[in-house]
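First comes the structure, then the notes that go with it.
Residue numbers begin at 1 in each chain, while the letters A, B, ... track the order of the sequences.
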Amino acid sequence: MTFLLELLGATLRNATPLVYGTIGETYSERAGVLNLGIEGTMYAGAFFGFAAAAITGSRTAGLLAAIAVGLAAGALMGLLTVTIGTNQHVAGIGTTLGLIGISEYVNRLWFGSGQGLSRIEPYPPWEPLGPNNVFSQYGLTYVAFFLLAPLAWWVLARTHFGLNLRAVGENPEAADSAGVNVARTRYAALMIGGALMAVGGAFFTLAALGSFTLDIIAGRGWVCIALVIFGRWRVWRGVAAALLFAAVYALQLRLRILEEFQAIPFELLLALPYLVVIAALVISGRNVAYPGAYLKPYRRE
Amino acid sequence: MSIWRRRLWLAAGVLILTFLVTVPFLLMAGVNPFAAYARFLFVPLTSRFGLLEVGVASIPLLFTGAAVALAFRAGYWNIGAEGQLLLGAIAAAGIGARVDGLASPLALTLVLAGGALAGAVWALVPALLRVRYDIDEVVTTLLLNPVALLVVEGLLNGPWRDPVTRFPESPRIAASAEMPVLIPGSRLHLGFLIGLVIIAGLGFVISRTRAGLELKAVGLSPVAARFAGINVARTLVAAALISGAIAGLGGAGEVAGIQYRLTGGLSAGFGYTGIVVATLGALRMGGVALVALLLGDLTVGASSASRALGIPSQAGDIVAAAVLLVTVAMVAINRYGLRQNRTAP
């Protein structure tokens, strides 16, 4: 029982950055833009969140810096794919390469290389029921599940803005004739999405770890892209998909300590969640209905 | 305006904009941007050693650039060249350490063939998932990149760890499995020629053969290609496998020609840079060769600037990403203009 509760707690913790990233990517894609800049946006959010917190001594400043970087990354994707109409795959990969390059470059400039790891005092967990139970989680985790997910669902499903967002992603010509500003809506979706991705990255440095390492994101942005498809572009299904990945991740961490699993290299277990996601795509991802205007820039005839 | 004049203006615009976009980062490091760019682009070309190192740095990019360009031409979004390259490196290191008794040409051939095969195998699953179940290859090829890196780390921290030094490095490959050096005293190895030959061969196949025509047709419109009687699934799988094999060969080349063993830092993101090379080369093989050399120049230049001016060598990554984004943006603006953003009157 304790094992299961521990596992559940770890699952919620590991799922947190993925929930931010997946919801952010869901918003981008529902508006018709595949944002492959997610890996770099999470990376830059992790780094600049950390850097701002380390320099100012304020974690709030770190969080705000991450949000600012995420908004800027979303705006860049908007400039490339909405205003200019470049190929979305290339724009996203270029954005990721650029943001990772910038983060590592500034990291070397500000924090040097090699000589000791800079650390900040990370957010402490919030423990309303005392330490060491399922509800011993970071604030950003509570926000992700109890605030962000319901709010993101409500905005997308029930508000005027959400309807416009889905409309420009399904059928931008119709949305345009109905008086929806396609470009502005897509920019908004990309920037909101970018901010969420960056906060997901900052969760590692500001809450979970308290330090920045070069392999901090390690493909989790790519995982989010898969989770969005697995969740069929729906907020709650995306959250469920994030929980699935995080559960496998938490499970392998616990299996590693068991004696029976000592013989298996831990890297193999670490690869397991990625492979599970691919398998999940194969089982559930066939013939999924992509947003109608997915990958298509909108140009008025 | 003639097309060449237009292209010249475009190139000048790309250069100027890239420079402007990257200037803030150089100023941040307290260096003169012009001095930095002189280092990035020209200093490597001013010495024999520098020129040879540019060739060395371009070798993995020749392979990954060609691999990505081939797949993209077929409309197959292989973003997994990084993982395919790593698998090729693993196979090369594994075979290379076990071919001690064999004559050099045979040993090297086995190493390279093993690398190509491993890269193709790594590319196989996403390709089959795409043609069988219509599962987006972008996602699957991307997800397999971190997995490939984990396989490398698992081997280096486990069975292949150096038993004496405990360094996470595989055993050195047999001398007979090493790539011969093209110019004595330099690191420029046979992989450079192999890369150029592959690029020339692919260029011929794509522009002059039936298979190349089918590949391009599938890339332009799978539906139209199917009506024309082309087996779209087979073409896509073939493109994916050859793409993976070439990327794997690139990994084998780094092992057999530079590192002589598998190391954790074997690839400086060569697979992702391959996407930059292919795109800037306009998915044409001549362009790929040219851009691979240019980015090789930038790589050598950035590490030279790092030593001489004390700016982090990641400046090269920033410049490469900026060139990519500025170029695709300028090309799209040149073709379509800026999209109409005004609401209807």
Side-chain angles (χ1 to χ4, degrees), chain A residues 34 36 39 76 79-80 82-87 89-91 93-109 113 176-177 179 181-184 215 218-220 222-223 225-226 229 265-268 270-271 274-275 277-278 281-282 285-288 290 297-300, chain B residues 25 28-29 72 77 79 125-126 129 132-136 138-140 142-155 157-159 269 272-273 275-276 279 311-322 324-325 328-333 335-344:
Chain A
L34 166 70
L36 287 183
E39 179 83 6
L76 175 64
L79 176 69
L80 292 165
V82 179
T83 306
I84 299 173
T86 63
N87 174 294
H89 292 110
V90 174
I93 291 287
T95 301
T96 283
L97 291 178
L99 288 174
I100 292 179
I102 290 170
S103 301
E104 292 188 352
Y105 178 87
V106 177
N107 180 43
R108 286 271 293 276
L109 276 185
S113 59
D176 192 11
S177 338
N181 188 325
V182 176
R184 196 187 299 159
D215 58 351
R220 282 188 187 78
W222 310 142
V223 169
I225 305 256
I229 300 176
F266 77 87
E267 290 87 353
L268 199 69
L270 207 50
Y274 297 95
L275 300 176
V277 167
I278 294 179
L281 278 183
V282 177
R286 302 183 208 177
N287 313 316
V288 292
Y290 281 79
Y298 176 60
R299 291 188 182 88
R300 207 177 260 176
Chain B
F25 298 102
M28 217 171 134
F72 282 16
W77 292 95
I79 324 275
V125 173
L129 291 180
R132 275 289 180 80
Y133 301 123
D134 204 19
I135 290 175
D136 192 357
V138 172
V139 182
T140 46
L142 268 175
L143 279 176
L144 285 176
N145 290 340
V147 173
L149 192 60
L150 285 169
V151 176
V152 169
E153 287 170 1
L155 286 168
N157 292 324
Y272 296 107
T273 312
I275 300 170
V276 182
T279 307
I311 53 174
S313 62
Q314 282 87 353
D317 300 339
I318 300 179
V319 173
L324 174 71
L325 293 181
V328 293
M330 298 276 285
V331 168
I333 292 171
R335 191 169 302 159
Y336 303 109
L338 287 179
R339 66 169 291 297
Q340 299 294 305
N341 195 12
R342 292 177 296 276
T343 36

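When all heavy atoms of B:V147 and A:A271 are compared, the closest pair comes out as CG1-CB, 4.1 Å. Annotation for B:L150 and A:E267: closest pair O-CB, 3.4 Å, computed over non-hydrogen atoms. Shortest non-hydrogen contact noted between A:L109 and B:P312 is CD2-CD, 3.7 Å. For B:D317 against A:G101, the heavy-atom pair with the smallest separation is CB-CA, 4.2 Å. Between A:A218 and B:P146, the shortest heavy-atom contact is O-CB, 4.1 Å. In this structure, B:A329 and A:I84 approach most closely via the heavy-atom pair O-CG2, 3.4 Å.
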Report the C-alpha separation of A:I278 and B:L144 in whole Å, then their side-chain angles, then the decisive distance to 0.1 Å, and conclude whether the side-chain contact (heavy atoms from CB on, under 4.5 Å) test is met.
CA-CA 9 Å; A:I278 294 179; B:L144 285 176; 3.8 Å; yes
Given the rule in the side-chain contact (heavy atoms from CB on, under 4.5 Å) test, do A:N87 and B:W77 qualify, once you have shown the distances and angles that lead to the verdict?
CA-CA 12 Å; A:N87 174 294; B:W77 292 95; 3.1 Å; yes
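The candidate from A:T86, A:V106, A:D215, A:L79 with the greatest count of non-hydrogen atom pairs under 4.5 Å with chain B is A:T86. Ranked by non-hydrogen atom pairs under 4.5 Å with chain A, the options B:V139, B:V276, B:V125 are led by B:V139.
In this structure A:F266 satisfies the ring-ring contact (aromatic ring centres under 6.0 Å, His included) test with no other residue, sequence neighbours excluded. With sequence neighbours excluded, the residues forming a side chain to side chain contact (heavy atoms under 4.5 Å, CB included) with B:L155 are B:I90, B:V151, B:P159, B:W160, listed by chain and number.
Contact annotation: the side chain of A:I100 never approaches that of B:Y272 to less than 4.5 Å [non-hydrogen atoms, C-beta and beyond]. Looking at heavy atoms from C-beta onward, B:I79 lies out of side-chain contact with A:W222 at the 4.5 angstrom threshold. Between A:L281 and B:L129, every side-chain heavy-atom pair lies at or beyond the 4.5 Å cut-off. A heavy-atom distance below 4.5 Å is found between the side chains of A:T95 and B:L325. Residues B:F25 and A:I102 meet the side-chain proximity criterion, which asks for heavy atoms closer than 4.5 Å.
Contact annotation for B:V328: both backbone and side-chain heavy atoms come within less than 4.5 Å of a heavy atom of chain A. Contact of B:A322 with chain A is not made at all, since no heavy-atom distance falls under 4.5 Å. With a 4.5 Å cut-off on non-hydrogen atoms, B:T279 touches chain A through its side chain but not through its backbone. Contacts between B:L324 and chain A at a heavy-atom distance below 4.5 Å involve the side chain alone, from C-beta outward. Proximity to chain A (any heavy atom under 4.5 Å) is shown, for B:L143, by both the backbone and the side chain. Interface remark: B:I275 contributes side-chain atoms only to the contact with chain A (heavy atom separation under 4.5 Å).
If you take CD1 on B:I318 and CG on A:L97, they are separated by 11.5 Å, rounding to the nearest 0.5 Å. To the nearest 0.5 Å, atom CD1 of residue A:I225 and atom CG of residue B:D136 are 9.0 Å apart.
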